[in-house]
Amino acid sequence: RRILERRLAASDSPEKNAEFLERLGDLELGKLQNAEAASERYIRAAKAAESLEDPSRELALLDKVLAAKPGHRPTLVRMTEIANATGDAALLVKTLAALLRSSDTPGERVNLVLSMEVPRLALGDAEGFIAIVDEVSAETGPRLDLLSAKARAYGERDPAAAAAVYRGM
């Protein structure tokens, strides 16, 4: 550990810093069983990878943050930013779903569900999206924005169901 910390302190290369920080995080998590310290190391390593404009490395490091500290909101938010920037619908859905699970306010939950509409439908997961809309609607009560999203999800696949939702509005 001390050797890695010395190498890190002596390094002025973001690439090497990311490498040393990741290795320190692995050590903290694996041998020392210190998830908090490991997640901090991984976060710093991810920031170094971000400065190198290496989204795949950054995502790998952010995944390690979540392994050490599940539901870490700033990490999930950064992952949604990367998913939006790279057009990765699967990653966007995964991170928005994780944010939804950790959200406690109805307004935020509604916004997250609405943010899932386009990527979930692009992935062909209308049924999954409709189930999430129904779940959040049960918590918030009927809302036009959620009902409209649900009707759009039914769309051409089930015009009768879409029409029923619109009539119910």
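Predicted model, so just to flag it, every value in this text is computed and none were measured.
Using a cut-off of 4.0 Å between Lys/Arg side-chain N and Asp/Glu carboxylate O, Arg109 and Glu135 are scored as salt-bridged. Between Arg44 and Glu40 there is no salt bridge, since none of the side-chain N atoms of the basic residue sits less than 4.0 Å from a carboxylate O of the acidic one. For the pair Arg73 and Glu108, the salt-bridge criterion is met [side-chain N within less than 4.0 Å of a carboxylate O]. Between Asp26 and Arg41, none of the side-chain N atoms (NZ, or NE/NH1/NH2) sits under 4.0 Å from a carboxylate O, so this pair counts as no salt bridge. Ion pair Asp88/Lys94 not flagged as a salt bridge, since none of the NZ, NE, NH1 or NH2 atoms sits closer than 4.0 Å to an Asp/Glu carboxylate oxygen. The pair Arg78-Glu81 counts as a salt bridge, with a side-chain nitrogen and a carboxylate oxygen less than 4.0 angstrom apart. A salt bridge links Arg157 to Glu127: one of the charged nitrogens lies within less than 4.0 Å of a carboxylate oxygen.
Note that CD of Glu19 and OG of Ser13 are 9.0 Å apart. Values are rounded to the nearest 0.5 Å. Rounding to the nearest 0.5 Å places CG of Leu24 at 9.5 Å from OH of Tyr42. To the nearest 0.5 Å, the span separating CD on Glu28 from CG on Asn34 amounts to 5.5 Å. Here CG of Leu62 is found 11.5 Å from OG of Ser39. Values are rounded to the nearest 0.5 Å. Taking OG1 of Thr95 as the start and CG of Leu100 as the end, the distance is 11.5 Å to the nearest 0.5 Å.
Formation of a donor-acceptor pair under 3.5 Å by the Ser115 side chain with backbone atoms of Asn111 is found in this model. When atom types are taken as modelled, the side chain of Thr80 and the backbone of Val77 share a donor-acceptor pair closer than 3.5 angstrom. Between the side chain of Glu53 and the backbone N or O of Glu50 there is no donor-acceptor pair closer than 3.5 Å. Between the Thr140 side chain and the Val136 main chain, a donor and an acceptor come within less than 3.5 Å of each other.
Leu147 approaches Pro142 most closely through the heavy-atom pair CD1-CB, 4.3 Å.
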Next item on the list: Show your working on side chain to side chain contact (heavy atoms under 4.5 Å, CB included) between Lys150 and Tyr166 and close with a plain yes or no.
Entry: CA-CA 9 Å; Lys150 182 177 179 176; Tyr166 280 123; over 6 Å; no
Next item on the list: Verify side chain to side chain contact (heavy atoms under 4.5 Å, CB included) between Met79 and Thr75, making sure each step is shown before the conclusion.
Entry: CA-CA 6 Å; Met79 290 176 82; Thr75 297; 4.1 Å; yes
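Criterion: ILVMFWY side-chain heavy atoms under 4.5 Å apart, direct or through other members. Under it, Leu92 and Val110 are part of a common hydrophobic cluster. Hydrophobic cluster membership differs between Phe129 and Leu144, with clusters built from Ile, Leu, Val, Met, Phe, Trp and Tyr side chains linked at under 4.5 angstrom. In the hydrophobic cluster analysis, where Ile, Leu, Val, Met, Phe, Trp and Tyr join through side-chain heavy atoms closer than 4.5 angstrom, Val133 is grouped apart from Val118. Leu112 and Leu121 sit in two unconnected hydrophobic clusters of ILVMFWY residues. Membership requires side-chain heavy atoms under 4.5 Å apart, directly or through other members.
Other residues, nucleotides and ligands contribute over 12 non-hydrogen atoms within 6.0 Å of the NZ atom of Lys69.
The closest side-chain heavy-atom distance from Asp145 to Leu114 is below 4.5 Å. For the pair Leu66 and Leu76, the minimum side-chain heavy-atom distance is below 4.5 Å.
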